[in-house]
**Q** 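First the structure, then my questions, so here it is.
Each residue takes its place number in the sequence, starting with 1. No hydrogens, no waters, no symmetry mates; every other heavy atom, side chains included, goes into these values. Because the structure is predicted, anything quoted here is derived from the model rather than measured.
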Amino acid sequence: MDEMYLLNVEGVKKKILHGGRGELPQFKDGSKLTFHFQTLKDDFERTVIDDSRQAGIPMEIIVGKLFKIEVWETLLTSMRIGEVAEFWCDAIVDDPSSYKRDTWAMNKEEKLSAVPVLHSEGNRLVLLKRYQEAAAKYQEAVICLRNVQAKEKPWAEDWLSLEKLITPLVLNYCQCQLELGEYYEVLEHTTDLLQKNNENVKAYFKRAKAHAAVWNEKEAREDFLRVAQLDPSLGAAVKKELRLLGERMREKHVEDRQRYQGLFQQPQLKGATEGKGQLGGDGNAGAGHSWPLKSFAFPAWIFLFVPASQPAPGEGYLLNTDSPT
């Protein structure tokens, strides 16, 4: 087939090279499209700018997610399953060496070369206290290495070598998350590191900080003590963190006690202390009804004795209780 089609998009033409199967699909938002592609210059040599088959990984986009090259969604949703087509798009295309390729489009060597650059950029952003951006750099570097590592045999020499490169990046990412207050994410990633290496001092330390931040006192103390055990030179730092943890926990206990103390202090009913006008001369609540109720306060305990029968609707018990100390 060599017919040329217009797609009702300015500057875009289509030629079907191989027909697909069935009717044109109705791609709904959220549909995932998986495909291979080549990007070529429209010159005499048809210079190849990018080729997903050389990278060894097909491209994927999600319909409706505003992929950064928006015209791709227009092109792909015009195709049937199995179709091969060629599109002409008016565009300004830079030399492949002049733009940054996405991680998914990199081959193994390109990914490994990108890692130290991303690591350095992350460190620079941390110094500027731009933790969100720094975390994104570390995360991208980890993704590069994980993609390469996925093709290696787990726990083999090459796999372990890549894991050694991944670990400091994950720790740096966790430090950024600590600064951003994402404590549970820190707990997840540090625990994963410790499952692979239970002597990682930095992972224990960062996990302890995260536990302390979410009031997991027991777990925080255990991790801090493990740090001191593995690296005695950090004993002073651990002692300081344990002191701060103790202070924070004491403050929290005081705040909690003050907050919940009011739950045990019931207000007296209006007129309860005004004499016979509200209480009968014998101290029983109400006129014509006798509801004996006594309260004995002991240090830290309250004993309440209530009548076996129930009050009539609209009536209730007068509770005079002392709050525990």
Side-chain angles (χ1 to χ4, degrees), residues 30-39 48-69 72-73 76 81-82 96-97 99-123 125-126 131-178 180 182 184-204 206-207 210:
S31 300
K32 182 170 75 172
L33 309 182
T34 305
F35 59 96
H36 278 289
F37 73 93
Q38 273 189 332
T39 306
V48 176
I49 298 174
D50 211 349
D51 189 339
S52 63
R53 292 189 185 278
Q54 288 184 1
I57 303 174
M59 178 71 167
E60 292 181 349
I61 70 168
I62 306 297
V63 174
K65 294 299 182 181
L66 297 179
F67 184 71
K68 65 182 181 180
I69 306 178
W72 281 37
E73 186 172 311
L76 291 163
I81 304 299
S97 62
Y99 70 94
K100 179 180 176 295
R101 299 181 71 188
D102 289 331
T103 301
W104 64 266
M106 296 180 181
N107 57 33
K108 177 180 178 180
E109 290 71 25
E110 289 172 328
K111 289 174 182 175
L112 293 175
S113 297
V115 168
V117 176
L118 292 166
H119 195 162
S120 178
E121 290 179 0
N123 291 348
L125 291 165
V126 166
Y131 299 113
Q132 193 76 52
E133 297 171 67
K137 295 296 182 182
Y138 295 135
Q139 185 179 45
E140 187 176 354
V142 170
I143 290 171
C144 284
L145 293 172
R146 291 290 188 205
N147 287 341
V148 175
Q149 189 186 45
K151 298 181 181 180
E152 303 294 342
K153 183 179 179 181
W155 305 105
E157 184 178 353
D158 289 342
W159 190 95
L160 290 172
S161 296
L162 291 165
E163 189 65 26
K164 289 179 180 179
L165 296 175
I166 290 170
T167 297
L169 290 165
V170 174
L171 288 171
N172 287 357
Y173 176 82
C174 287
Q175 184 59 44
C176 291
Q177 297 307 313
L178 280 174
L180 294 168
E182 299 293 342
Y184 289 102
E185 188 163 1
V186 176
L187 293 176
E188 177 185 350
H189 289 294
T190 51
T191 298
D192 181 64
L193 290 177
L194 290 167
Q195 288 174 346
K196 297 172 183 174
N197 176 10
N198 63 2
E199 295 186 352
N200 190 320
V201 176
K202 291 184 178 180
Y204 275 117
K206 295 185 192 303
R207 190 172 74 171

**Q** In Å and rounded to the nearest 0.5 Å, what is the CD to SG distance from E182 to C176?
**A**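 It is 11.5 Å, given to the nearest 0.5 Å.
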**Q** Go through D51 and T39 one step at a time and tell me if the side chain to side chain contact (heavy atoms under 4.5 Å, CB included) criterion holds.
**A** CA-CA 6 Å; D51 189 339; T39 306; over 6 Å; no
**Q** Could you check E163 against R146 for side chain to side chain contact (heavy atoms under 4.5 Å, CB included), going step by step and ending with a plain yes or no?
**A** CA-CA 8 Å; E163 189 65 26; R146 291 290 188 205; 3.1 Å; yes
**Q** Rounded to the nearest 0.5 Å, how far does CG of N147 lie from CG of N107?
**A**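 Between atom CG of N107 and atom CG of N147 there are 12.0 Å.
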**Q** To the nearest 0.5 Å, how far apart are CD in Q149 and CD1 in I166?
**A** 4.0 Å
**Q** Any side-chain heavy atom of N198 sitting closer than 4.5 Å to one from Y204?
**A**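 The answer is yes; the side chains approach within 4.5 Å.
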**Q** Could you tell me whether the side chain of L171 reaches within less than 4.5 Å of the side chain of N200, counting heavy atoms only?
**A** yes
**Q** Is any side-chain heavy atom of N172 closer than 4.5 Å to a side-chain heavy atom of V126?
**A**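 No, side chains not in contact.
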**Q** For atom NZ of K151, decide whether the heavy atoms of other residues, nucleotides or ligands shown that lie under 6.0 angstrom number more than 12.
**A** no
**Q** Quick one: are W155 and L160 in side-chain contact, heavy atoms under 4.5 Å?
**A**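 Yes - at least one pair of side-chain heavy atoms lies under 4.5 Å apart.
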**Q** How long is the straight-line distance from CG of L180 back to SG of C174, given to the nearest 0.5 Å?
**A**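 C174 atom SG to L180 atom CG measures 11.5 Å (nearest 0.5 Å).
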**Q** Can you confirm whether F37 sits close enough to D50 that some side-chain heavy atom of one is under 4.5 Å from a side-chain heavy atom of the other?
**A** yes
**Q** Counting heavy atoms not belonging to E133, are there more than 12 under 6.0 Å from its CD?
**A**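 For E133, atom CD is crowded (more than 12 foreign heavy atoms under 6.0 Å).
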**Q** Give, for atom NZ of K111 and atom CD1 of I143, the distance between the pair rounded to the nearest 0.5 Å.
**A**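 If we round to the nearest 0.5 Å, K111:NZ and I143:CD1 are 10.0 Å apart.
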**Q** Would a distance-only check, ignoring hydrogens and angles, find a side-chain to backbone donor-acceptor pair under 3.5 Å from Y138 to N123?
**A** yes
**Q** Not counting sequence neighbours, which residues clear ring-ring contact (aromatic ring centres under 6.0 Å, His included) with F35? List them please.
**A** W72
**Q** Would you mind checking if R207 and E188 are paired as a salt bridge, meaning a charged N to carboxylate O distance below 4.0 Å?
**A**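 Not counted as a salt bridge, because no side-chain N and carboxylate O are separated by less than 4.0 Å.
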**Q** Less than 4.5 Å apart, any side-chain heavy atom of V115 and any of L169?
**A** yes
**Q** Starting at CG of D192, measure out to CG of L187 and round the result to the nearest 0.5 Å.
**A** 12.5 Å
